[in-house]
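Note that the structure is predicted; figures quoted are calculated from it, not measured.
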There are 2 protein chains.
Amino acid sequence: MEDIDRRIVTLLARDGRMSFTDLARETGLSVSAVHQRVRRLEKRGVIRSYAALIDHDAVGLPLTAFVSIKPIDPSAPDDAPERLEHLTAIEACHSVAGDESYILKVRVPSPNALELLLQQIRAAANVATRTTIVLSTPYEYRTPDLTGDAS
Amino acid sequence: MEDIDRRIVTLLARDGRMSFTDLARETGLSVSAVHQRVRRLEKRGVIRSYAALIDHDAVGLPLTAFVSIKPIDPSAPDDAPERLEHLTAIEACHSVAGDESYILKVRVPSPNALELLLQQIRAAANVATRTTIVLSTPYEYRTPDLTGDAS
DNA sequence: CATGAAATTATGATCAA
DNA sequence: TTGATCATAATTTCATG
């Protein structure tokens, strides 16, 4: 991927509503050239989608947790992601190496709702759960710097 | 928060570039009424920002991991988030309950880069690390359904 | 990749409920 | 306070070189 594309992706990752006009100014390209590149990045799947990032507190989902799951029957087919997909409280599902098989990130209104969700998860996927409660989130959804990568 | 606002937030969380015209059509309001509400949601911080969601594989960061950290000196002031903020490979930092104090989510190009990053984390924050490698991600960045909450 | 024109959208003032 | 209508500015989008 070219340098200009990395620049465009970084800018849009930081401000998903930046106008083509502004992108053009920032990159030194014409509006239509940027437009073309963005469309290509979308088509290639480099840019997956655009999203508004919301304040989960403000929206009634103040409790975040990580739920690690482990199959109760290790010989059963491992289709936990599909079995859990309908639970919209689950924001993310990562297959991981280690003792447990998946890490889920969940958002709920209250401890009660978390308890209920855990029951649903266990029932739907036939797994044992281990839950880590998030107390606060100093930062989240940060964007990598794709230009001049200093880790 | 009103029902229409929940609707607007949900729509924008799913498509951050949806036009006011489309939002108006979906909500049954006029364009300017939606415009007003979106601006208010932004001002109140319900909508924090907008972002393009990128394909980390396509962008040269195919390796994701969760890094749990624990202070080596528990009596030292706990300012790990600030000490780690400059490491742009860290996408998120959550303070958590349990044996460890923070969970970090990191994105790097390679195992080598991960090793280097872990050294930097340990040095910068004076912590011990425990790393869980992500093998694959069935889904991520999903949006809660704020209307008619079925968890 | 740039230019320029046409279509669409964003924005704010004003008025009404 | 909230929403509708309207006018204007800005942006998106596309054809062409």
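Relative ring orientation between B/F20 and B/H35 is described as perpendicular, the plane-to-plane angle rising above 60° on a 0-90° scale split at 30° and 60°.
For residues 8-17 of chain B, no residue pair satisfies the side chain to side chain donor-acceptor pair (under 3.5 Å) rule, not counting sequence neighbours.
The stretch residues 34-43 of chain B touches DNA chain D through B/Q36, B/R37, B/R40, each having a heavy atom under 4.0 angstrom from the strand. Listed by residue number, A/R17, A/L29, A/S30 are the residues of residues 3-30 of chain A with a heavy-atom contact under 4.0 Å to DNA chain C.
Using a 4.0 Å cut-off between charged nitrogen and carboxylate oxygen, B/E2 and B/R37 count as a salt-bridge pair. A salt bridge does not link B/R142 to A/E91: none of the charged side-chain nitrogens sits closer than 4.0 Å to a carboxylate oxygen.
Contact record, A/A113 with A/V108: CB-CB, 3.9 Å, taken as the closest heavy-atom pair. Nearest approach of A/P138 to B/S95, heavy atoms of both residues: CD-N, 3.9 Å.
Judged purely by distance below 3.5 Å, without hydrogens or angles, the side chains of B/T27 and B/R7 never pair a donor atom with an acceptor atom.
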task: In sequence, state the C-alpha distance, the side-chain angles, and the governing distance for A/Q120 and A/L87, and then conclude on side-chain contact (heavy atoms from CB on, under 4.5 Å).
output: CA-CA 8 Å; A/Q120 294 179 301; A/L87 298 172; 4.0 Å; yes
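Between the side chain of A/S32 and the base of C/dT3, at least one donor-acceptor pair of N or O atoms lies under 3.5 Å.
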